[in-house]
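In what follows, a structure is listed as structure tokens, so that the remarks can point back to it.
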Amino acid sequence: GNLAEMLFMLLLEHGVLLMRPSIVRHMDSVIDMLICSSVVSSLSFLGVIAVDRYITIFYALRYHSIMTLQRAVVTMASVWLASTVSSTVLITYYRSNTILLCLIGFFLFMLVLMLVLYIHMFALARHHLHSISSQQKPPTAHRGGSLKGA
């Protein structure tokens with residue numbers, strides 16, 4: 001995104017591209033919208049991946065009935081659509097403090113969501129590790145070393 005914008009500006013400065021200033025502003029807004037959409041969708045997909053992993057771990061036996069192909073496609077399309085719409089609004093009203101607060105709120109929400117989900121998954125993994133180790137016989141020197149490696 002930034003590379004395309006820089007290349008576009010260099011071509012304009014050196015006279016290779018001749019455009020009216022209104023078209024240049026419009027192109028700049030479109031490139032900014034694409035960059036913003038990319039950031040918002042990337043962050044959203046990181047959250048979707050965290051939720052998918054959470055479902056995989058905590059609902060393993062029902063995973064395929066919960067996460068069907070249709071739901072996966074709808075989720076991906078929704079993220080792209082929401083990212084495009086929100087980035088258009090963000091670029092259009094970028095001077096508004098409300099927009100800035102919404103963007104910061106979205107970032108913090110996604111950060112907290114991922115943090116909570118991954119901490120819960122880590123706690124389950126530790127619980128399982130302790131359960132497995134408490135069920136085993138006292139380890140011999142060889143088995144103790146392999147447990148540390150695991």
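Note: hydrogens, waters and symmetry copies are ignored here, and every other heavy atom, side chains too, is used.
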Residue pairs passing the side chain to side chain donor-acceptor pair (under 3.5 Å) test with at least one member in residues 46-56, sequence neighbours excluded, are D52-Y63, R53-Y118, Y54-H120

Under a 4.5 Å side-chain heavy-atom rule over Ile, Leu, Val, Met, Phe, Trp and Tyr, are F45 and V85 clustered together? no

Calculate, to the nearest 0.5 Å, the distance between atoms OG and CG belonging to S38 and L43 respectively. 11.0 Å

Spacing of I35 atom CD1 and L90 atom CG [to the nearest 0.5 Å]: 13.0 Å

Is atom NE2 of H130 surrounded by more than 12 heavy atoms (other residues, nucleotides or ligands) closer than 6.0 Å? yes

Closest approach of T92 and T88, non-hydrogen atoms and distance? OG1-O, 2.6 Å

Single-linkage hydrophobic cluster, 4.5 Å side-chain cutoff, W80 and L46 together: no

Main chain of M33, side chain of S37: is a donor-acceptor contact present, judged purely on distance under 3.5 Å? no

Is there a donor-acceptor pair under 3.5 Å between the side chain of T68 and the backbone N or O of S65? no

dist L117:CG -> M121:CE (nearest 0.5 Å) comes out at 5.5 Å

Could you pull out the closest heavy-atom pair between S41 and V79, with the gap in Å? O-CG1, 4.1 Å

Determine yes or no for a side-chain-to-main-chain donor-acceptor pair under 3.5 angstrom, with S134 supplying the side chain and S131 the backbone. yes

Verify the cluster assignment for F106 and I91: are they in a single hydrophobic cluster under the rule of side-chain heavy atoms below 4.5 Å apart? no

For F58, does the CZ atom have more than 12 heavy-atom neighbours from other residues, nucleotides or ligands under 6.0 Å away? yes

Do M110 and L108 belong to the same hydrophobic cluster, where Ile, Leu, Val, Met, Phe, Trp and Tyr are linked whenever their side-chain heavy atoms lie under 4.5 Å apart, directly or via other members? yes

Students should find that the hydrophobic cluster of V39, defined by side-chain heavy atoms under 4.5 Å apart, otherwise consists of none

Answer yes or no: is there a side-chain heavy-atom contact under 4.5 Å between C36 and D32? no

Honestly curious: do F109 and M114 fall in one hydrophobic cluster under the side-chain, below-4.5 Å linking rule? yes

Say you draw a straight line from CD1 of I119 to CZ of R126; how long is it, rounded to the nearest 0.5 Å? 12.5 Å

Got a second to check how far L81's CG is from M76's CE, nearest 0.5 Å? 14.0 Å

